[in-house]
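Could you have a look at this structure, given as structure tokens, before my questions?
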Amino acid sequence: MTVRTRFAPSPTGYLHIGGARTALFCWLYTRRMGGTFILRIEDTDRERSTDASVQVIHDAMAWLGLGADEGPYYQTERFDRYNAVIDELLANGKAYRCNCSRERLDELRQQQQAAGLKPRYDGKCRNARVEDCNCVIRFSNPLDGQVVFDDLVHGRTVFDNAELDDLIIRRSDGSPTYNLSVVVDDMDMKVTHVIRGDDHLNNTPRQVNIYQALNAPVPAFAHLPMILGADGARLSKRHGSVSVLEYRDEGFLPEALLNYLVRLGWSCGDQEIFSLNEMINLFDLSDVNKAASKFNPEKLLWLNQHYIMGGDPARLAELLRSYLQKLGIDPGDEPSLSDVVRAQQERSKTMVEMAMASEFFYRDIHEYNEKAAKKHLKAAAAEPLRRVRTELADLDAWQTANIHEAVNRVAEQLGLKLGKVAQPVRVAVSGGPISPPIDTTLHLLGRQRTLARLDQAISFIAERAD
RNA sequence: GCUCCCUUCGUCUAGCGGUUAGGACACCGCCCUCUCAAGGCGGGAACACGGGUUCGAGUCCCGUAGGGAGCGCCA
């Protein structure tokens, strides 16, 4: 039997972290098993589904590299099929029309809640033989017995049918509901493994009953633990970014996010770093945890830095270009973006951070970081800066090694520690207290701009002294 | 309220009856050092609780507590 899985998001917002993790596990399992990964858009809720959200899902999946082998299918395009199945169920006496008013249902619910019971439909219309009408259709759930299935994550799971009720499978406007359409789709698409969040665990027995009413084979289920916010509550906006694409915009690398997500609810001994191929070869549903996990932004940041440090400079250079552009900077040809990447990649947690830390290579200094200027661009720095300027101007070749020697020479001549020379130079050329090693920084900046900025700083000090 | 699910350092987790309970992130200290990083070394930090079962329990069973989810003409 070849494995067929599906990722079935509903397009009612962004693709969030939890959805992405579900998609990843599903995709990994399928790749590992040599199966088929299907993308299905569950857009039966026409009120809340939007085209923009559909696009966001496609963009996010593409960015993460989780390509589908089949689909996308759209549930809204399959209404005829759902209705045919519902009619079949109706004809077989496995479903029935119900004309109970919403008022009655609301009242019933309230009464049950007040009595300390679980709100459930009471089956009033089950044997009422309601005439064809613009009303709702309910599934005749078995009244007794148990639903048993072996969840690949949770193991043997048992529900009493007595806990379930006759759920609506067709709304009064003629559209099918979720529990019906998933089952029909998974049946038609010959899905062998339903891998989804364990918020669906409670829906599973209802769905199993529908499969059985349809004489369809019941797929295997794997219910993944949820991802919660740092405070243990359901992931939401207030936990920072939840949208996958927001992480892209904030300068995260897709491989970092993937590596972070794969370790949420899954592990392989002590290994923390996984290439995509390692994930595919090592991933197994039997190693998935049952307990929910909390999202930890620090670890994601660490992984992102890890991947930036090891990233290919040419690839990162193109990314850096786009992040610089977002900051309103058009990096020309120099300094070379990949050289800048090489200088910055071990000191950047995100690409946005790298872009911000690299602005000064491409933009004139209009003002200095106040604290840095106060500390380093003071009268005592004037002489070192002048000497450095002279030494650098006299250099034969603008090489890192030469620059390094020149700066060291000034420190020696003045009997100063290197920091007393390098740090004023750093503030002078970068505008702030942080940059790559001073020789690398100056080399990247080029002789002309370096000398100009040293002059600028020297006059800044002179003016301040007045 | 009812039903279901879950429970090892702050966080992600290893552990699948006998371990000084391991790793990673974060944190702290030291080293390196022109800044910031990176890197190296070291440190503190956990089996929710109570009963069983067993020679022996983080590991198995039952309760309790805590957390999560579901209970819609949402998905």
Side-chain angles (χ1 to χ4, degrees), chain A residues 8-12 42-45 47-49 75 98 100 102 105-106 109 112-121 135-138 151 153-154 157-160 162-165 167-179 181-182 197-206 223 225-226 228 230 232-234 260 263-273 289-303 305 309 344-349 357 372 376 404 407-408 411 417-427 430 432-439 441:
Chain A
S10 54
T12 53
E42 309 219 324
D43 53 356
T44 54
D45 182 358
E47 301 269 304
R48 297 195 301 151
S49 299
Q75 291 192 319
C98 166
C100 290
R102 292 181 200 242
L105 263 22
D106 286 345
R109 239 191 305 274
Q112 290 167 326
Q113 297 239 19
L117 299 170
K118 181 183 196 171
R120 293 152 70 226
Y121 180 60
C135 55
V136 126
I137 293 177
R138 291 182 183 272
D151 191 277
V153 173
H154 291 268
T157 307
V158 181
F159 287 85
D160 283 328
E163 288 299 329
L164 275 23
D165 68 351
L167 70 154
I168 291 172
I169 55 178
R170 181 154 74 197
R171 302 184 184 96
S172 51
D173 68 359
S175 61
T177 60
Y178 167 75
N179 279 298
S181 50
V182 248
D198 67 12
D199 47 339
H200 285 285
L201 197 57
N202 286 288
N203 284 324
T204 307
R206 299 168 173 283
H223 286 98
M226 310 246 77
L228 308 172
R234 211 184 171 112
Y260 178 70
R263 285 285 291 99
L264 244 37
W266 177 81
S267 59
C268 183
D270 285 339
Q271 190 169 345
E272 294 287 348
I273 304 295
N289 282 156
K290 297 183 216 191
S293 45
K294 292 176 189 148
F295 192 81
N296 180 207
E298 269 80 37
K299 188 153 180 187
L300 207 210
L301 237 19
W302 172 71
L303 280 161
Q305 178 161 36
M309 282 193 287
Q344 300 280 217
Q345 64 190 148
E346 76 178 17
R347 65 197 86 241
S348 308
K349 284 181 160 42
H376 299 292
H404 186 81
V407 176
N408 278 327
K417 290 211 283 191
L418 190 52
K420 290 288 178 194
V421 178
Q423 204 55 8
V425 172
R426 171 169 285 114
V427 178
S430 77
I434 296 165
S435 88
I438 202 67
D439 47 2
T441 300

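Naming convention: chains lettered A, B, ... in sequence-line order (proteins, then strands); numbering from 1 in each chain. All heavy atoms count here, side chains included; hydrogens, waters and symmetry mates do not. Just so it is clear, the structure is predicted and the values come from calculations on it, not from any experiment.
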Checking side-chain polar atoms at under 3.5 Å, does A/S175 have a donor or acceptor matched by the opposite partner on A/D173? yes

Just checking, any donor-acceptor pair under 3.5 angstrom between side chains of A/S435 and A/T441? yes

Under a 3.5 Å cut-off for both distances, is B/C34 Watson-Crick or wobble paired, and to whom? none

Less than 3.5 Å apart, any donor N or O on the side chain of A/Q112 or A/R109 sitting next to an acceptor on the other? no

Measure from the side chain of A/K118, starting at C-beta and using heavy atoms only, and say which of B/G70, B/A69, B/C73 lies closest. B/G70

Counting the atoms with a prime plus P, OP1 and OP2 as sugar-phosphate, which does A/E272 contact under 4.0 Å by heavy atoms, base, sugar-phosphate, or nothing? base

Nearest to the side chain of A/N179, heavy atoms from C-beta on, is which of B/A75, B/U3, B/C34? B/A75

Out of B/A14, B/A75, B/C73, whichever nucleotide has its closest atom nearest the side chain of A/R109: B/C73

Checking base pairs now: Watson-Crick or wobble, both atom distances under 3.5 Å. What partners B/G70? B/C2

Any A/S348 side-chain N or O less than 4.0 Å from OP1/OP2 of B/A37: no

Between the base of B/G39 and the side chain of A/E346, is there a donor and acceptor pair under 3.5 angstrom? no

Any N or O donor-acceptor pair linking the side chain of A/S435 to the base of B/C36 at under 3.5 Å? no

The side chain of A/N296 is closest to which nucleotide in this list: B/C25, B/A69, B/G72? B/C25

Is there a Watson-Crick or G-U wobble partner for B/A26 with both distances under 3.5 Å, and if so, which one is it? none

Would you say a side-chain N or O of A/K294 is under 4.0 Å from OP1 or OP2 of B/U11? yes

If the P atom of B/A21 is compared with that of B/A26, how far apart are they to the nearest Å? 26 Å

Minimum-distance nucleotide to A/S172 side chain [options: B/C34, B/C73, B/C36]: B/C73

Counting only side-chain N and O atoms of A/T157, is one of them less than 4.0 Å from OP1 or OP2 of B/C5? no

Indicate whether any N or O donor in one side chain lies under 3.5 Å from an N or O acceptor in the other, for A/H223 and A/T157. no

So A/L117, base contact, sugar-phosphate only, or nothing? Heavy-atom distance under 4.0 Å. base

Could you tell me whether A/H154 contacts a base, only the sugar-phosphate backbone, or nothing, with contacts defined as non-hydrogen atoms closer than 4.0 Å? sugar-phosphate

Using only modelled atom types and a 3.5 angstrom limit, is any donor from either the side chain of A/R102 or the base of B/C73 paired with an acceptor on the other? yes

Have a look at A/I438 and say if it touches a base, only the backbone sugar-phosphate, or nothing, with a 4.0 Å heavy-atom cut-off. base

hbond_proxy A/D270 side chain to B/G22 base (donor-acceptor, 3.5 Å cutoff): yes

Base, sugar-phosphate, or nothing for A/N408, non-hydrogen atoms under 4.0 angstrom? nothing

Out of B/G70, B/U7, B/C73, minimum distance to the side chain of A/A291 belongs to B/U7

Answer with base, sugar-phosphate or nothing: what part of the nucleic acid does A/N289 contact at a heavy-atom distance below 4.0 Å? sugar-phosphate

Check every atom of B/A14, B/C34, B/C36 against the side chain of A/S267 and return the nucleotide holding the closest atom. B/A14

Which pair of non-hydrogen atoms, one from A/Y260 and one from A/N296, has the smallest distance, and what is that distance? OH-N, 2.7 Å

Tell whether A/D199 reaches the base of B/A75 with its side chain through a donor-acceptor pair below 3.5 angstrom. no

